[in-house]
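First comes the structure, then the notes that go with it.
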Protein chains: 2
Amino acid sequence: MERLDVPPDVVIRRLPLYARSLRYLLDEGVLSISSQELGERINVTAAQIRKDLSYFGEFGKQGIGYDVEKLLTHIERILGLNHRWPVVLVGAGYLGQAIARYEGFQKQGLQIVGLFDTDPTKIGQQVGDNEIRDYAEMPAIIEKHQVRLAIISVPAAHAQSVADLLIKAGVRAILNYAPIILQTPDDVWVRYIDPVAVLHSMTYYLAREQS
Amino acid sequence: MERLDVPPDVVIRRLPLYARSLRYLLDEGVLSISSQELGERINVTAAQIRKDLSYFGEFGKQGIGYDVEKLLTHIERILGLNHRWPVVLVGAGYLGQAIARYEGFQKQGLQIVGLFDTDPTKIGQQVGDNEIRDYAEMPAIIEKHQVRLAIISVPAAHAQSVADLLIKAGVRAILNYAPIILQTPDDVWVRYIDPVAVLHSMTYYLAREQS
DNA sequence: CTGATTTCGTGAATTGTAGCACGAAGTTTC
DNA sequence: GAAACTTCGTGCTACAATTCACGAAATCAG
């Protein structure tokens with residue numbers, strides 16, 4: 001039976017973790033895996049994996065499990081990873097440069113096609129494969145590559161105005177490293193990378209341990 | 001009435017966001033704020049904020065709202081942010097160095113007391129206030145500063161063994177930037193920073209937009 | 001070929017989270 | 001100082017997510 005329900009966002013967020021684990025398994029030469037075993041690797045229950053996948057079809061075989069390569073292909077197609085996604089990166093400070101140099105993006109279908117900063121002393125510098133450009137060039141680059149995905153790594157004080165610029169130029173999804181909540185239209189997706197908040201949530205538990 | 005329920009983890013994860021917003025409000029000179037207004041700033045409903053806070057006490061005043069400074073102090077105390085937390089950072093690649101140089105940690109009560117790498121050419125180099133040290137010095141530094149919080153920014157292939165070392169030396173909470181799920185004892189807290197997974201969950205929606 | 005075993009997919013039950021809505025307590029207006 | 005407002009804290013309800021548990025389908029052992 002095909003499911004017709006819309007998959008909840010929590011499920012969508014787990015799919016990339018399944019995909020990554022399957023990539024590692026493929027590298028290890030594992031051909032097939034059960035929901036049980038996969039779950040142990042990523043600390044998720046077997047039932048959850050089976051239910052999550054059931055939103056998209058039937059990919060497993062009773063008594064056997066899942067064919068690693070096939071399931072990976074399915075999940076990548078579901079996530080739209082069967083083609084490359086052009087991404088612009090705004091903010092070329094230490095963090096922005098580290099992001100620009102990280103091969104993990106390029107390897108996983110995310111191609112940084114533009115790196116921007118306002119600092120005139122930085123503009124023109126080469127960072128990995130990218131040259132740092134002025135904000136003024138952003139709309140043209142976004143148009144040229146049909147970019148819909150952006151990463152913001154500018155100081156908090158500038159993040160909102162950068163987001164506004166990006167959205168005006170056609171960006172529909174933003175990954176924001178700046179420690180501030182962005183106000184955006186309903187049809188724009190925003191997610192946050194917030195290490196300080198994450199650490200602060202852990203200090204809560206550490207503070208309560210009997211030491 | 002005092003609540004006796006254990007606050008769920010989702011609530012604990014939101015507290016740092018409330019705290020941050022209150023810090024901004026304090027800087028802006030705002031003295032008092034309603035749950036409604038605070039909610040609008042961080043895209044959370046007013047009821048949720050009130051309910052979250054009710055796990056810890058009664059901090060507001062009917063008809064008025066919350067005293068910004070007082071509420072911030074309360075939340076910081078709840079999160080254990082009334083004192084500094086020593087942190088070790090393992091992995092001094094581009095990302096690790098960017099993290100080490102980010103002032104946001106130091107400003108928010110997180111003090112990096114050790115920066116480690118295995119690369120002999122890096123050891124001894126200065127990165128911001130920290131010198132890159134060999135793994136061999138980790139246990140001593142962790143012991144000396146009573147470190148319980150660590151950040152891992154090494155390649156995925158080494159993350160698990162680094163986590164094992166850290167835990168053995170006394171670390172109880174880990175923020176992991178490596179794209180791999182760590183296997184740890186139940187009494188160790190682990191959280192992940194995973195920008196590729198986050199971007200991949202957004203490509204799902206982008207791939208489905210009528211273009 | 002039969003019985004034991006494995007593992008999937010999924011409805012049902014359980015657990016967890018968020019939001020509503022209202023009494024209470026405070027402020028503001030005139 | 002009374003009436004209109006504002007806003008909190010929270011019991012209750014509705015919604016969402018997770019886990020259980022079982023029939024079905026496949027494999028394996030002898």
Side-chain angles (χ1 to χ4, degrees), chain A residues 1-18 21-22 25 30-72 74-75 78 181 201 204, chain B residues 1-18 21-22 25 30-72 74-75 78 181 201 204:
Chain A
M1 263 295 262
E2 180 101 3
R3 281 196 158 255
L4 295 172
D5 283 337
V6 175
D9 188 58
V10 264
V11 173
I12 304 304
R13 287 176 194 242
R14 278 191 294 263
L15 290 184
L17 306 181
Y18 300 161
S21 194
L22 290 166
L25 287 164
V30 177
L31 297 177
S32 142
I33 192 163
S34 66
S35 56
Q36 182 64 38
E37 255 190 294
L38 183 58
E40 280 163 14
R41 290 195 163 229
I42 54 183
N43 295 344
V44 159
T45 64
Q48 180 149 81
I49 291 175
R50 294 203 303 276
K51 174 139 280 189
D52 284 356
L53 295 177
S54 78
Y55 281 101
F56 306 98
E58 306 189 2
F59 307 119
K61 245 188 199 159
Q62 283 99 329
I64 300 284
Y66 300 90
D67 178 293
V68 171
E69 188 173 4
K70 270 191 196 161
L71 181 56
L72 176 56
H74 276 299
I75 295 179
I78 292 164
I181 305 295
S201 72
Y204 172 84
Chain B
M1 263 295 261
E2 180 103 2
R3 279 194 160 259
L4 295 173
D5 283 338
V6 175
D9 187 57
V10 265
V11 173
I12 304 305
R13 288 176 194 242
R14 278 191 293 263
L15 290 183
L17 306 181
Y18 301 160
S21 194
L22 290 166
L25 287 163
V30 177
L31 298 176
S32 137
I33 192 162
S34 66
S35 56
Q36 180 65 38
E37 254 189 295
L38 182 58
E40 281 163 13
R41 290 195 164 229
I42 54 184
N43 295 343
V44 160
T45 64
Q48 179 149 81
I49 291 175
R50 295 202 302 277
K51 177 146 273 193
D52 284 356
L53 295 177
S54 78
Y55 281 100
F56 306 98
E58 305 188 2
F59 308 118
K61 244 188 199 159
Q62 284 98 328
I64 300 284
Y66 300 90
D67 180 293
V68 172
E69 190 173 2
K70 271 191 195 158
L71 182 56
L72 176 57
H74 277 298
I75 294 179
I78 292 164
I181 305 294
S201 72
Y204 171 84

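Proteins come first, then strands; the chains are lettered A, B, ... in the order of their sequence lines, and each starts at number 1. Any value given below was found using the heavy atoms of this structure, including those in side chains, with hydrogens, waters and symmetry copies removed. Fair warning: this is a prediction, and the values are worked out from it, not measured in the lab.
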Considering only nitrogen or oxygen atoms on both sides, find all protein atoms under 3.5 Å from nucleotides 27-30 of chain C and state each distance.
none

Nucleotide [N], atom [atom2] - distance to [atom1] of [X] in whole Å:
X: B/Arg13; N: C/dG16; atom1: CZ; atom2: P; answer: 15 Å
X: B/Phe56; N: D/dG9; atom1: CZ; atom2: P; answer: 13 Å
X: A/Glu58; N: C/dG11; atom1: CD; atom2: C1'; answer: 14 Å
X: B/Leu53; N: C/dT17; atom1: CG; atom2: P; answer: 17 Å

Search all heavy atoms of [X] against all heavy atoms of [Y] and return the closest pair with its distance.
X: B/Leu17; Y: B/Arg13; result: CG-O, 4.2 Å
X: B/Leu22; Y: B/Ile75; result: CD1-CD1, 3.8 Å
X: B/Leu53; Y: B/Tyr18; result: CD2-CD1, 4.4 Å
X: A/Tyr55; Y: A/Val6; result: CE2-O, 4.2 Å
X: A/Ser35; Y: A/Ile49; result: O-CD1, 3.6 Å
X: A/Ser201; Y: B/Pro16; result: N-CG, 3.9 Å

Which pairs, protein N/O on one side and nucleotides 17-19 of chain D N/O on the other, fall under 3.5 Å?
from, atom 1, to, atom 2, distance (Å)
D/dT18, OP1, A/Arg14, NH1, 3.1
D/dT18, OP2, A/Arg14, NH1, 3.3
D/dT18, OP2, A/Arg14, NH2, 2.8
D/dT18, OP2, A/Gln48, NE2, 3.2
D/dT18, O5', A/Gln48, NE2, 3.2
D/dT19, OP2, A/Thr45, OG1, 3.0
D/dT19, O4, A/Lys51, NZ, 3.2

Residues two or more places apart in sequence or in another chain: which of them pass salt bridge (Lys or Arg N to Asp or Glu O under 4.0 Å) with B/Arg50?
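Listed in chain order: nothing, the list is empty.
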
Phosphate-side-chain proximity, A/Arg50 and C/dG9, N/O vs OP1/OP2 below 4.0 Å
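Answer no for this pair, as no side-chain N or O of A/Arg50 is under 4.0 Å from OP1 or OP2.
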
With a 4.0 Å limit, can you tell me whether B/Tyr66 has a side-chain N or O closer than that to the phosphate oxygens OP1/OP2 of D/dT6?
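For B/Tyr66, the contact criterion (side-chain N or O under 4.0 Å from OP1 or OP2 of D/dT6) is not met.
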
Do any N or O atoms from the side chain of B/Asp67 and from the backbone of B/Glu69 form a donor-acceptor pair under 3.5 angstrom?
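Checking the backbone N and O of B/Glu69 against the side chain of B/Asp67, a donor-acceptor pair under 3.5 Å is found.
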
Rounded to the nearest 0.5 Å, what separation is found between the OG1 atom of A/Thr45 and the NZ atom of A/Lys51?
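Nearest 0.5 Å value for the OG1-NZ distance: 11.0 Å.
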
From B/Leu38 CG over to B/Ile33 CD1, what is the distance, rounded to the nearest 0.5 angstrom?
5.0 Å

Other residues, nucleotides, ligands: >12 heavy atoms within 6.0 Å of B/Glu40 CD
yes

Tell me whether the count of non-hydrogen atoms from other residues, nucleotides or ligands lying under 6.0 Å of CG in B/Leu31 goes above 12.
no

Check: protein-nucleotides 3-5 of chain D nitrogen or oxygen pairs below 3.5 Å:
none

B/Val10 side chain near B/Asp52 side chain, heavy-atom distance below 4.5 Å
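Result no, sub-4.5 Å side-chain heavy-atom pair not found.
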
Contact check, side chains of B/Arg41 and B/Leu25, non-hydrogen atoms, under 4.5 Å:
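Yes, at least one pair of side-chain atoms sits under 4.5 Å.
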
Terminal helix-axis angle for the helix from C/dC1-D/dG30 to C/dC30-D/dG1, with five pairs defining each axis and rounding to 10 degrees:
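Roughly 20°, once rounded to the nearest ten degrees.
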
Please state whether the rings of B/Phe56 and A/Tyr204 are parallel, tilted or perpendicular, taking 30° and 60° as the class boundaries.
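Perpendicular: the ring planes of B/Phe56 and A/Tyr204 meet at over 60°.
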
Near DNA chain C, which residues from residues 32-41 of chain A have a heavy atom under 4.0 Å away?
A/Ser34, A/Ser35

